[in-house]
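Worksheet: the structure to be examined is printed underneath.
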Amino acid sequence: MELPFAESYKIKMVEPLRKSTREEREQWIKEADYNLFQLKSDQVYIDCLTDSGTGAMSDRQWAAMMMGDESYAGSSSFFQLKDTITRITGFEYVIPTHQGRAAENVLFSHLVKADAVVPGNSHFDTTKGHIESRKAFAVDCTVDEAKDTQLEVPFKGNVDPKKLEKVLAEKAELVPFIIVTITNNTAGGQPVSMQNLREVRAIADRYGKRVIFDSARFVENAYFIRTREEGYADKSIKEICKEMFSYADGMTMSSKKDGLVNMGGFIATRHEDWYEGAKKFCIPFEGFLTYGGMNGRDMAALAVGLDENTELETIETRIRQVQYLAAKLDEYGIPYQRPVGGHALFIDADRVLDQIPKEEFPAQTLAIELYIEAGVRGCEIGYILADRDPVTRENRFGGLDLLRLCIARRVYTNNHMDVIAAALKNVYDRRHEITRGVKIVWETELMRHFTVKLERLG
Ligand SMILES: *Cc1c(COP(=O)(O)O)cnc(C)c1O
């Protein structure tokens, strides 16, 4: 018989997990004002809050940590990192930063001026924040298919070339660059095809514009190209990454995702003028150019992490685990955003708890129920996160109301995936008994989801 798929690693260090009782969890979530961000991590059994900075490093990365060079200037760990990035992306100029949003801050300080228009595919919230805080505008040109959670198309993260063309035709002089997020995080970790990256490049060239890739999950994107796009099945992940980046002028990176480290980021580009411009902002915001907010040891571990993650076995193990969980949910009939993306499942809470009115926040209610059921912590990506309209102060109910379950890299086993799926099934089976949601009793004006205080109704 054909041998089954298995993880590309074995485990050599473990951290015990503590299971709690339902009574304890009911008490803890109440003390946390029904906000899962306010839970302590040891009150959580399986943590699916985020896949950012939560992965496990390999023995080779830990060994690299020991070899890290903590020199302020000219650290050999910086050059190890720079050479790795250049080898994988083709970009010659590299500036390290302490995380992804810092890379945006440094590069955009040079490139984004007031009134600028930055088209892209569902800008990540910090990316959008760094554009809007400079009184510029982020224009979302994602394909319409991304809005339909049940539609099965292979590259739901794509840029719509017509929408992009329209922005450029009307406002080219205001556009400092185009930004493409790979994978498209906001659309659910959905990939962008090589074909689409090529089209974006061609449009950019026609208008003489440059292209940045927001690359937090670029390896996941490469894996989807390999498995879904014609002509790439025999290419290595590194070859695919090289081709992807050949269509960009530069990148911002959150190393906490596909860098396989717990903290870090960087900017990389092929253009000296971008490097020279960004340099001026790196020094005051992040630190000298050969460490930019990172330790030598962390740069060394990142260099190894980038190399490891761009090997097929590593990225395949990760994506297959996310797909394993998705297949379980299919078996139980639980609706999620399809097809599953690279890093998380997004449960369609409006469809699960359809008798709970929007005003009582179905996705947050589902997150609370799942936590009480099994100590699994997810994250509401829905009406609470959407904040209020800045002018009318009304809740924004226009978007989707989702419960996101992120899968940390190399942390949990498929047995844990089984527990997550079973817990969801238990909640799903008693969904008709869950008739009331939650009410906000205290909130901040912006980014309320981190600190909001809630009360359970009913
Ligand atoms: C996480 C992320 C960022 C921001 O990176 P941080 O390391 O969290 O600051 C930017 N863009 C995308 C697509 C991300 O996923």
Side-chain angles (χ1 to χ4, degrees), residues 8-15 41 50-107 215-220 237-238 241 245 250-269 275 278-279 281-311 313-315 317-318 408-411:
S8 65
Y9 49 80
K10 60 180 179 172
I11 296 165
K12 91 161 119 186
M13 192 192 286
V14 297
E15 175 187 329
S41 63
T50 175
D51 68 325
S52 178
T54 53
M57 294 208 297
S58 68
D59 53 353
R60 286 178 291 170
Q61 286 180 286
W62 282 108
M65 292 281 268
M66 298 300 292
M67 305 290 287
D69 169 9
E70 306 301 341
S71 300
Y72 189 99
S75 161
S76 60
S77 300
F78 167 75
F79 291 104
Q80 183 192 353
L81 174 61
K82 177 177 174 289
D83 290 346
T84 306
I85 293 168
T86 304
R87 181 159 44 78
I88 292 171
T89 65
F91 297 138
E92 191 183 332
Y93 300 100
V94 174
I95 298 178
T97 60
H98 78 276
Q99 59 184 95
R101 66 200 67 189
E104 293 164 354
N105 188 33
V106 168
L107 186 58
S215 308
R217 297 184 182 79
F218 74 94
V219 191
E220 293 176 9
I237 295 294
K238 283 193 167 66
C241 290
F245 287 114
M251 68 191 284
T252 51
M253 177 70 187
S254 168
S255 306
K256 302 171 71 172
K257 300 3 178 307
D258 275 352
L260 295 184
V261 291
N262 303 111
M263 189 51 75
F266 61 85
I267 298 162
T269 175
Y275 175 67
K279 253 166 78 171
F281 296 97
C282 178
I283 293 173
F285 288 150
E286 294 293 301
F288 186 62
L289 298 167
T290 54
Y291 72 87
M294 291 185 76
N295 299 304
R297 56 180 172 273
D298 289 340
M299 291 189 283
L302 172 56
V304 176
L306 287 167
D307 231 344
E308 266 178 17
N309 207 23
T310 46
E311 289 299 319
E313 309 85 71
T314 315
I315 191 64
T317 297
R318 169 181 188 43
R409 294 167 182 78
R410 305 194 287 206
V411 170

Salt bridge (Lys or Arg N to Asp or Glu O under 4.0 Å), that's the test. Do Lys257 and Asp51 meet it? Break it down for me. CA-CA 7 Å; Lys257 300 3 178 307; Asp51 68 325; 6.0 Å; no
For the [atom1] atom of [X] and the [atom2] atom of [Y], what is their distance to the nearest 0.5 Å?
X      : Y      : atom1 : atom2 : value
Arg101 : Gln99  : CZ    : CD    : 4.5 Å
Thr290 : Phe79  : OG1   : CZ    : 6.5 Å
Met294 : Phe266 : CE    : CZ    : 9.0 Å
Ser215 : Met251 : OG    : CE    : 3.5 Å
Met13  : Ser58  : CE    : OG    : 11.5 Å

Is the backbone N or O of [Y] less than 3.5 Å from a side-chain atom of [X], with the two atoms forming a donor-acceptor pair by type?
X      : Y      : answer
Gln61  : Ala301 : yes
Lys238 : Asp307 : yes
Asn262 : Gly55  : yes
Thr269 : Gly250 : no
Ser77  : Asp69  : yes
Ser75  : Ser71  : no
Glu70  : Arg297 : yes
Thr252 : Glu104 : no
Asp258 : Glu220 : yes

Hey, does [Y] have a side-chain heavy atom less than 4.5 Å from the side chain of [X]?
X      : Y      : answer
Tyr275 : Leu289 : yes
Met57  : Val261 : yes
Trp62  : Met66  : no

Nearest heavy-atom neighbours spanning [X] and [Y]:
X      : Y      : value
His98  : Met263 : O-SD, 3.4 Å
Leu81  : Leu306 : CD1-CD1, 4.0 Å
Ala102 : Thr97  : CB-CB, 3.9 Å
Ala278 : Ile95  : CB-CD1, 3.7 Å
Ser255 : Leu302 : OG-CD2, 3.3 Å
Arg410 : Thr314 : NH1-CG2, 4.1 Å

Mind running side chain to side chain contact (heavy atoms under 4.5 Å, CB included) on Arg409 and Thr317 for me, showing each step along the way? CA-CA 9 Å; Arg409 294 167 182 78; Thr317 297; over 6 Å; no
What residues form a ring-ring contact (aromatic ring centres under 6.0 Å, His included) with Tyr291, not counting sequence neighbours?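 Residues passing ring-ring contact (aromatic ring centres under 6.0 Å, His included) with Tyr291: Tyr72.
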Run the ring-ring contact (aromatic ring centres under 6.0 Å, His included) test against Phe91 and tell me which residues pass, sequence neighbours left out.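 If we apply the ring-ring contact (aromatic ring centres under 6.0 Å, His included) test to Phe91, skipping adjacent residues, the hits are Phe245.
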Near Glu92 CD, under 6.0 Å, is it more than 12 heavy atoms from other residues, nucleotides or ligands?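 No, CD of Glu92 has 12 or fewer neighbouring heavy atoms, counting only those of other groups under 6.0 Å.
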Option passing side-chain contact (heavy atoms from CB on, under 4.5 Å) with Ile88 (candidates Thr310, Asn309, Asp83):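 One option only clears the test, and that one is Thr310.
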Side chain to side chain contact (heavy atoms under 4.5 Å, CB included), that's the test. Do Thr54 and Val411 meet it? Break it down for me. CA-CA 8 Å; Thr54 53; Val411 170; 5.7 Å; no
